[in-house]
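What follows is a short report on a single structure.
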There are 2 protein chains.
Amino acid sequence: MARNKRVQDREEKQEEIIHAARALFLNEGYDATSINRIAIEVQVAPNTIYWYFKNKDELLVSILNAELTKHLNAYMLQPTQDPTERLIWVVDQLQLANRLVSTVHARLKFSTELREWHEQFHLLVEGLLRLELQKLGMANDQIETKVKIAVFTIEGLLAHQLSEQEKRAICAALVSTS
Amino acid sequence: MARNKRVQDREEKQEEIIHAARALFLNEGYDATSINRIAIEVQVAPNTIYWYFKNKDELLVSILNAELTKHLNAYMLQPTQDPTERLIWVVDQLQLANRLVSTVHARLKFSTELREWHEQFHLLVEGLLRLELQKLGMANDQIETKVKIAVFTIEGLLAHQLSEQEKRAICAALVSTS
DNA sequence: ACCTGAACACCGTTCAAGT
DNA sequence: ACCTGAACACCGTTCAAGT
């Protein structure tokens, strides 16, 4: 059917743009990557990007959703049961996407779509953390505060490069039930 | 002396620009405040700003230094000895300058001067926190990790608006010695 | 439906010229 | 020393026009 063919093409092209933009955002940064630069990579005119995405921030959100799906899958399939190691694993994964993470925070004030995505992401991470802390048998009245401290600390770990040793000590402290 | 007179004038004009820019950065935000807008406020041509400050980020650093001096003074004069209350006080002060704080983080990647200022600021805050935790008699091998968690959590508190209740619970947990 | 050339409005910053 | 008019290079985005 012509209808389906077209939809297929559109999605392929969208993914092509997402893929190119993702690489550029990670390597050069969001601000340093002009729409023009992405367009060159995909071999179209700059304004063609706007046929597939409402604007630069929505393109970013599309990239983030693709990344999230990918990593969430890996998280679920993780073998380790040790909570400290699981937390370190998450931090390491986020570290690799560090540039995207800080871009999200930097652009919160410019895009409501991004703000919504960010809020969803926070709720998701908090939910996963809550589960881990419950599994450890932490008292319920402590959990909410600990979860928030943990989430903020993870963000801090990403924003400020610490040594491997400091990172591990912090992660261990975050999941300690004392 | 003509020499001194001139220096005086220059500093006055600089402070005038700092004062105007501070208000605009706080009310409208750094990005939303064009150099042109500041120039209008001070009644000069846009490029005149560059006679007094190397660029927009250096103007920001000047504003930050003025703020820091002011608040550091108030911190030292604070009457309360309760560590939780002292911490909440700091968070509240930073909350009021919230827009400046997030601007600093957003612009770290664009300005080395700002990066240096930010690092100094972190060292200062960590130092003050370390002192507070030592006063509480916390074990030395725990302090470094706790200090880092506290600093990151404070940043998180500023970035994400929480309720008064949550804020207090978190601050209390940060200075708990258990 | 998809793509483009040309333009728009705006930005921080620079430079040569004035006093 | 201090200030300015005019320009530069660049940005994300829009619009009318093409196929």
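Letters go in sequence order (proteins before strands), and every chain restarts at 1. If you're wondering where the values come from, they're calculated on a predicted model, not measured in any experiment.
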Pair [X] + [Y], salt bridge at N-O below 4.0 Å:
| X | Y | result |
| --- | --- | --- |
| B/E41 | B/R37 | yes |
| A/E28 | A/R99 | no |
| B/E113 | B/K54 | yes |

TODO: Would you indicate, yes or no, if C/dA1 has its OP1 or OP2 atom less than 4.0 angstrom from a side-chain nitrogen or oxygen of A/R10?
DONE: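 For C/dA1, neither OP1 nor OP2 has a side-chain N or O of A/R10 closer than 4.0 Å.
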Open item on the list: So, OP1 or OP2 of D/dC15: does either fall under 4.0 Å of a side-chain N or O from A/Y50?
Closed with: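 No, outside the criterion.
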Open item on the list: Can you tell me how the ring of B/Y30 sits relative to the ring of B/F25, calling it parallel under 30°, perpendicular over 60° and tilted otherwise?
Closed with: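 Ring orientation of B/Y30 relative to B/F25: tilted.
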Task: Ring-ring centroid check A/F152 B/F152, cutoff 6.0 Å - done: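 No, too far apart.
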TODO: Starting at atom CG of B/D9, determine the distance to atom P of D/dC2, rounded to an integer number of angstrom.
DONE: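 These atoms are roughly 8 Å apart.
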- [ ] Grab the CD1-P distance between A/I49 and C/dT4 for me, whole Å please.
- [x]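 Distance check: A/I49 CD1 to C/dT4 P gives 10 Å.
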Task: Sub-4.5 Å side-chain heavy-atom contact between B/L124 and B/L72 - done: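 Result yes, sub-4.5 Å side-chain heavy-atom pair found.
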Task: A/R130 side chain near A/L133 side chain, heavy-atom distance below 4.5 Å - done: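 Not in contact.
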From C-beta outward on [X], which listed nucleotide comes closest to its side chain: [options]?
| X | options | value |
| --- | --- | --- |
| A/W51 | D/dC2, C/dG12, C/dC3 | C/dC3 |
| A/Y52 | C/dC2, D/dC3, C/dT13 | C/dC2 |
| A/K56 | D/dT4, C/dT4, D/dT13 | D/dT13 |

Open item on the list: Does atom CD (A/Q78) have a neighbourhood of more than 12 heavy atoms from anything else shown, all under 6.0 Å?
Closed with: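 Result for CD/A/Q78: enclosed.
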TODO: Sort by first number and list every stem of DNA chain C: at least 3 consecutive Watson-Crick or G-U wobble pairs, both distances under 3.5 Å.
DONE: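 The stems that DNA chain C takes part in, listed by first number, are C:4-8 with D:12-16, C:12-16 with D:4-8.
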Open item on the list: For the residue pair A/E155 / A/H122, report whether a side-chain donor-acceptor contact shorter than 3.5 Å exists.
Closed with: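 Note: A/H122 and A/E155 side chains meet the donor-acceptor criterion.
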TODO: May I ask you to say what B/F110 touches in the nucleic acid, namely base, sugar-phosphate or nothing, with a heavy-atom cut-off under 4.0 Å?
DONE: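 No contact.
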Open item on the list: Please list, in numerical order, the residues of residues 12-43 of chain A that have a heavy atom closer than 4.0 Å to any atom of DNA chain C.
Closed with: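 Of all residues in residues 12-43 of chain A, the ones placing a heavy atom under 4.0 Å from DNA chain C are A/K13.
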